[in-house]
There are 2 protein chains.
Amino acid sequence: MENEVDGLDKRKAYILATVVYEYIATGEPVGSQALTQKYNLGVSSATVRNEMADLEAGGYLEQPHTSAGRVPSDAGYRTYVDALMSPEELGADERRRIRDEMRDARAQLDEIVEQSSRLLGRLAGNLAFVTKPQSDTQSFRYVQLIWIAERSGIAIIVTSLGVASQSLFELRNDHSPDDLTRLSNALNATFAGRLLRDCDDRSLTALTKSCGFGDDMAAAVRAAFIGARTQEQPGISASGAQHLLDQPEFRDVRKLRSILRILEEQRTLYDLVADAFDSTSASVKIGHELGSEELSDLSLVTVPYRFGERAVGMLSILGPRRMPYARLLALASGTAETLSERLHDVEVK
Amino acid sequence: MENEVDGLDKRKAYILATVVYEYIATGEPVGSQALTQKYNLGVSSATVRNEMADLEAGGYLEQPHTSAGRVPSDAGYRTYVDALMSPEELGADERRRIRDEMRDARAQLDEIVEQSSRLLGRLAGNLAFVTKPQSDTQSFRYVQLIWIAERSGIAIIVTSLGVASQSLFELRNDHSPDDLTRLSNALNATFAGRLLRDCDDRSLTALTKSCGFGDDMAAAVRAAFIGARTQEQPGISASGAQHLLDQPEFRDVRKLRSILRILEEQRTLYDLVADAFDSTSASVKIGHELGSEELSDLSLVTVPYRFGERAVGMLSILGPRRMPYARLLALASGTAETLSERLHDVEVK
DNA sequence: TTTAGCACTCCGAGCAAGCGAGTGCGAAGG
DNA sequence: CCTTCGCACTCGCTTGCTCGGAGTGCTAAA
């Protein structure tokens, strides 16, 4: 029906939107009178009261206690985000400011990623974090096998984003520096440009052997590629935790402890954005949708960034459920865009 | 005089020590009665009162307000740490536990450093941070100049701790892969084993030119070494901020904000330990000695760790001034020792 | 020089009262 | 039939108050 949104008639939807909006703005439970006074609803507070009672029955609103105003529930926020709020765009000047600040970072992958998390944390006034590009979405550029002694060496692999990973290897038989150079050249000729994840063990082994090396060298080469692919963890840069202290919901210190702990366990932080990795567009998780009781009054906004066509990492904002979703989505997207552009500065061509 | 400590007679010194000890244990201002009841001082509370008044006049104790107990001042803690407290040693089982937990980290520099900061943060129940080895104290192991195109390449430098840094370079004239290999070999033969900071620009330039290269190549080589030497920042791994929330002194949220901000600005964190870098033994900074009003009710314990004979980095514990200094010094030293040992696992020989 | 006694100070916990914002419901009005 | 008005009621928060406890400094006696 034309005048229904998500099962709510137009007026209910509007009231819900206003309640969420007002609550996000003030942080205080919002009552019927306050609402009619501040917004021109065209109906009296009593009517609003009735509607609010309905919305509460429908699970969109909650009451902290009798005789308090209403507060949005997870479902209320969800509806707001999906259907009610009006999306925001960044102004041209804001875009420019983001771009300018990103220029401060040197052309090094880590620095660019860190700079964008700092920037986003500050602009969003919340905790922001950015995953480094997943290494298996990067493509292989060069490998160099360096001779150290007759039976040992170092393999260094450089990826398209200029990240090098090195691994030591030991061999059973003697080899000369020239042998290693020959193999390096062969590997480069065959695999350069491929995605790291497409440099499969089988082809690597086959090529190594066809250059006259044995199983030991093949294992070393495989290990080097695996090392480059699974580079420790994805790596996350986080920033802006101090802004959370300004939020009234963190006056309770226990909440903060959860956050700090999560911040230090990169694992958990990564799990939070992990399922967003599949989707190629922005995603919002609200309260219990985060899957943890500890985090149940937080929300997470996640936006992918790209290298070329491919989504390679995520920018996220973690803050109180009561966050300005439209604005933060716009900020995250804007930052993601700029980050994507800057990635080309570090590309190894 | 035999029975004077730091200008205090024996009894005053003992009372000061007891007050500090008790305050560290309880966190409550300590009064004369409580002290005589809990500790066997051999004198009455009235006497203790008089002595405390003297200690306050001497600047060792402070009173939060009239009719409250006494609390140590910076000077009081300082005297306690320097002259009064009895040093602690870790038990054999604790040492073993530390060693075991350090074994969980893979043999990668970053992981070992992170593991030790996590471990220390947890054991100390405070914020712990560890600087990565200063790269200019590491020695040079290998350089490899990789040919990409006639006029460009990548230089990869590997240090004794297995850290690789890469830098791209562009040349004015064509060169062959073989030329680059030849130069790599020459550099390795001459400089391998030297400290990075001893690979001076002049010698690098001279050697490069003696291999028949021009100014452009010499500049590229210098840049590569400078890049390895000044590797971004020293790099700091921090952990355990959540423990601070348990301390009563952080119920005030503003204190926390300072800490969180410092935590994110690696710069400030690094400045804190910077002057400890000169000293080769443990150092304690108390309250205002940290040089910042914001941090004036915190203390910092810093202990160096070594690679071979050389001090290459620092382990620090940041917490409330009211911290168990002797215990934390023991923990930090124990962890430093284990960290130093594990560094040999990542050494590139 | 140490101790006992005493008057005084001050913080903080605990309690009661009052206020204000908000609710739900029944009755009146368009 | 939906909306509005009026009203009684609820409940948390703030304010003000009291009171006890811990601690101090001072004076006088041992």
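Each chain gets a letter, A, B and so on, in the order its sequence line appears, and its residues count up from 1.
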Trainee: For C:dT23 and A:Arg70 - does any side-chain N or O of the residue sit under 4.0 Å from the phosphate oxygens OP1/OP2?
Mentor: yes
Trainee: Is it the case that more than 12 heavy atoms not belonging to B:Glu265 sit under 6.0 Å from its CD atom?
Mentor: yes
Trainee: Under a 3.5 Å distance rule, please check whether B:Glu264 uses its side chain to pair with a backbone N or O of A:Ala241 as donor and acceptor.
Mentor: yes
Trainee: Output one line per pair: protein atom, nucleotide atom from nucleotides 26-30 of chain D, and distance, for all N/O pairs under 3.5 Å.
Mentor:
none

Trainee: Rounded to the nearest angstrom, tell me the gap between atom CD in B:Gln33 and atom P in D:dT24.
Mentor: 8 Å
Trainee: Using whole Å, report how far CE of A:Met52 lies from C1' of D:dT3.
Mentor: 17 Å
Trainee: Give a yes-or-no answer on whether the side chains of B:Thr36 and B:Ser45 include a donor-acceptor pair shorter than 3.5 Å.
Mentor: no
Trainee: Below 4.0 angstrom, which residues in residues 15-29 of chain B have at least one non-hydrogen atom near DNA chain D?
Mentor: none
Trainee: Report the distance from atom CG of B:Leu35 to atom C1' of D:dA22, rounded to the nearest whole Å.
Mentor: 14 Å
Trainee: Answer yes or no: is there a donor N or O on one side and an acceptor on the other, between the side chain of B:Asp74 and the main chain of B:His288, under 3.5 Å?
Mentor: yes
Trainee: Would you say CZ of A:Arg122 has more than 12 non-hydrogen atoms from neighbouring residues, nucleotides or ligands within 6.0 angstrom?
Mentor: yes
Trainee: Does a nitrogen or oxygen in the side chain of A:Thr47 sit under 4.0 Å from OP1 or OP2 of D:dT4?
Mentor: yes
Trainee: Taking only the side-chain nitrogens and oxygens of B:Arg11, find out if one of them lies under 4.0 Å from OP1 or OP2 of C:dT1.
Mentor: no
Trainee: Both B:Val43 and A:Gly69 contact DNA chain C. Taking the nearest nucleotide for each, which residue is further toward the 5' end?
Mentor: B:Val43
Trainee: Does A:Asp271 reach the main-chain N or O of A:Leu269 with its side chain, forming a donor-acceptor pair under 3.5 Å?
Mentor: no
Trainee: To the nearest angstrom, how far is A:Lys38 atom NZ from C:dG22 atom P?
Mentor: 11 Å
Trainee: Whole angstroms only, please: what is the CD-P distance between B:Glu51 and D:dG23?
Mentor: 18 Å
Trainee: So, B:Thr26 side chain and B:Glu22 main chain: donor-acceptor pair closer than 3.5 Å or not?
Mentor: yes
Trainee: Quick one: do the A:Thr302 and A:Ser316 side chains pair a donor with an acceptor below 3.5 Å?
Mentor: yes
Trainee: Any sub-3.5 Å donor-acceptor pair from A:Gln242's side-chain atoms to B:Ser258's backbone N or O?
Mentor: no
Trainee: Can you tell me how far P of D:dG23 sits from CG of B:Leu61, to the nearest Å?
Mentor: 14 Å
Trainee: Report yes or no: does A:Ser333 contribute a side-chain atom to a donor-acceptor pair with the main-chain N or O of A:Leu329 at less than 3.5 Å?
Mentor: yes
Trainee: Using atom types as modelled and distance alone, determine if a side-chain donor or acceptor of B:Asn126 lies under 3.5 Å from a backbone N or O of B:Ala124.
Mentor: yes
Trainee: Quick test: give all pairs of protein nitrogen or oxygen and nucleotides 10-13 of chain D nitrogen or oxygen below 3.5 Å, distance rounded to 0.1 Å.
Mentor:
unit_1: D:dT10; atom_1: O2; unit_2: A:Ser67; atom_2: OG; d: 3.1
unit_1: D:dC11; atom_1: O4'; unit_2: A:Ser67; atom_2: OG; d: 3.0

Trainee: Donor-acceptor pair, A:Ser73 side chain versus A:Glu62 backbone, under 3.5 Å?
Mentor: no
Trainee: Scan A:Ser32 against the nucleic acid and name what it touches under 4.0 Å (heavy atoms): base, sugar-phosphate only, or nothing.
Mentor: sugar-phosphate
Trainee: If you look at every strand shown and take non-hydrogen atoms under 4.0 Å, does B:Gln63 touch a base, only sugar-phosphate, or nothing?
Mentor: sugar-phosphate
